[in-house]
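Heads up: the structure comes next, in structure tokens.
Counting convention: from 1, in listed order, for ligands and their atoms alike.
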Amino acid sequence: MDKLRGILKKYWGFDGFLPMQPDAMKCVLSGRDSVVVLPTGGGKSLCFQAPAMAMDGMAVVVSPLLSLMKDQVDALRTNGVPAAKIDSTMTSLERSNVHREIREHQLKLLYVSPERVVQPQFIAYLRDAGVSFFVVDEAHCISQWGHDFRPEYRALRELRQAFPDRGIHAYTATATTHVREDIARELCLREPAMLVGSFDRPNLVYRVQRRSDGFSQVRQVIDAHPKESGIIYCIRRSEVDVLCERLVGAGYRARPYHAGMDDDSRKRNQDAFTNEKADIIVATVAFGMGIDKSNVRYVVHAAMPKSIEHYHQETGRAGRDNLPADCRLLYSYADLRLWQSIIEKTATDATAIAVAKLRDMFQYCDRVVCRHRALVSYFGQTYDGQPCGACDVCLSELDGIEDAGSVATAILSCVGELGDIAGPTYTTLVLTGSQEERVLAKGHQRLGSYGALASNEARQVRDWIEQLVQQGCLRKTGEYNILALTPKGVSALRGEETPQLTRPYAKRVKKPQPRTQMASPLDEIDQGLFEALRQVRLAKAEELGVPPFVVFSDATLRDLARRKPKDKAGFLTMYGIGEKKCEAFADEFLEVIRRYCADHPEAETASDSDEVAVARKSERNRNETQRRAAELFAQGRSIAEVATFLQRKPSTVEGYLIEYLEDAGITDPSPWVEPTVVARVFKAASATKAERLKPIFEHLNGEVSYSTIRICLTCARNTTGAGHLPEQDRE
Ligand code: ADP
Ligand code: ZN
């Protein structure tokens, strides 16, 4: 693993591993077949790319889409990793270059399509080339249960027979056990290790809103992200076209994308988005599969998707660089009905499943539970990080109405008075005191509840009725959705329980929304410098003919803008900068930083390569970051993970961990320190009867770091409640 750590730093500029990466990499190194399931942004590609560098021979990666292959290969090459692809779009010169590199054993990774890799001549060719192992990327494409079945993937079972002694490793972000088992069976894997990571995406901030004025709600999200990249999903092509035109009309750089367009225009628009010539893609679900852009800062669903699987996948395209990103879902009952009619029109065996999934999706929208928890539990995993700090529910952004009790009582009594004869629309008429003939004709203006909610808009009242249905106080029966009181509704009427009712978003839209509530390293960075760096990145990307995020991720630019390195040595310590990128880009980027600091002397004073010092300068931000770290630790996240999410050095994060352990009185250090190490530290502590860290450190022959010792001792002290921690010695 130490060798891999060195490779990670040298080529990718990373300090540690993300969860599951060590296990997945061990499988690759040891030749044990594996199926690795990690959500988007989980760091799948590194699981096989780093071992490929550590092993003899060339790894063969099967990938379904040309555009994905190109981006991956471009990214690897800019990091100095010898990688190439073979596909039908290449000129014969390009192809013979690749063949030469293979012959000369220069390549460490070769990307190919599933069709090509199983051709008999190609298999024979690979036998001579010296393959280290095989990777099947987007492996769910092999399963009919997946959302993207590709028949050509079925032929990949040939690989097992042709290369019985090479490891085969399948990677996917699709969660279900069904798909996982299909993958293992179809690829004829031998007792594969099944590595399934958490499906939570802690850097995504989920918000769900009733759609009132859809266009301004969409604009609100866009305006919170000026010049940043975002995707807006619509249900139908016509909606894509209309929304996109309106956005362009309003001055946004938006492009449409849907299956009704010809291939060329689609490709042009996708490229414009990838290369940051356009900020916004307005799309149907047809968009996304072939896109690897890591710095998508927001995803808006202008309407409700048809399943949580779709929602998870589509929102998953935001924040692949693990920086905070916004996911906003706008929905209404009309979406539910639209999907129902679409599903009914294409009635098949799967209709019942589709309807059930649709219902789950709608419940997700309508329920007031933590979005992170709801999503993760949908995929059968548990979620412990309450409150998540990254959804509208946990951030208390949903406006509960203060007089929910009396509003609910009015609605429930109206249903009672009408005596199970009316649906939501008619009930609304009565509650709002409508003068319509059909109400008056029945004499319903004489009911006690007539006009009880007259000061509210009809659609608001209609909405509250639906909320009461969702909360189980009312139920709809029969073809006409006649409303009836449930036992829960009856006890609410008696005042034995108070339903919660919220207002749709439109009422609050004027309040400016914070950009994102995540403890944000963004606050600390110098926006002006960040912009300047983005410009060089764009120019560099154009010069090299690669997408900007291949040059540097947003995470790297932010680190540069925050820590403002002055020389190459400093440059090399930035997040995501390995030796090759340092060589290639340091001069130009350092020059921009130098110039910026010269023009902005006040920025210069704020600059400091010592990140702890920077953090101290802004106590408020530090507290925010600390708070966010605590939340992540509470979810059992490792130091490396928290360091990645918060873009802090592991040493800084260790400091946060100690504070968290103290504040929360944690007694068990095992999520952060191996149990065997914990035992050694405790033994050393009692052997030395030490008050200070240094004797313990020395007793352990310097094999355990000071911070690890501190973590263990903090937990021990929390257990016994005794004394205070030894002073930190000088390391
Ligand atoms: P996936 O393929 O699972 O969607 P990626 O391989 O694209 O995930 O990785 C997601 C992001 O995490 C990328 O920006 C990548 O550079 C970053 N990343 C991956 N591994 C690490 C690591 N060990 N340390 C820091 N960042 C990492
Ligand atoms: Zn939450």
> Considering residues at least two apart in sequence or located in another chain, which fulfil the ring pair (Phe, Tyr, Trp, His ring centres under 6.0 Å) criterion with His312?
Replying inline: Phe199, Phe379

> How about Tyr206 and Cys388: do any of their side-chain heavy atoms sit closer than 4.5 Å?
Replying inline: no

Donor-acceptor pairs are to be reported for all side-chain atoms of residues 544-554 against protein atoms at under 3.5 Å, with residues two or more places apart or in another chain.
from, atom 1, to, atom 2, distance (Å)
Ser553, OG, Ala555, N, 3.3
Ser553, OG, Thr556, N, 3.2
Ser553, OG, Thr556, OG1, 3.3
Asp554, OD1, Asn295, ND2, 3.0
Asp554, OD1, Arg537, NH1, 2.9
Asp554, OD1, Arg537, NH2, 3.0
Asp554, OD2, Arg297, NH1, 3.4

> Ala52: what forms a side chain to side chain contact (heavy atoms under 4.5 Å, CB included) with it, not counting sequence neighbours?
Replying inline: Ala59, Leu109, Phe133

> Near the Zn ion (ligand 2), is there an N/O/S atom from His372 that is less than 2.8 Å away?
Replying inline: no

> Using 30° and 60° as the class limits, which term best fits the ring planes of Phe14 and Tyr575: parallel, tilted or perpendicular?
Replying inline: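 Ring orientation, 0 to 90° scale: tilted.
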
> What residues come within 4.0 Å of ligand 1, counting heavy atoms only?
Replying inline: Phe14, Gly16, Phe17, Leu18, Gln21, Pro39, Thr40, Gly41, Gly42, Gly43, Lys44, Ser45, Leu46, Arg320, Asp321, Asn322, Tyr575, Thr644

>> I'd like to know whether the aromatic ring centres of His301 and Tyr311 sit less than 6.0 Å apart in this structure.
In response: yes

>> Measuring centre to centre across the rings, with the benzene-like ring taken for any Trp, is Phe633 within less than 6.0 Å of Tyr656?
In response: no

> To the nearest 10 degrees, how large is the angle at the Zn ion (ligand 2) between Cys388 SG and Cys370 SG?
Replying inline: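 Reported to 10°, the angle equals 110°.
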
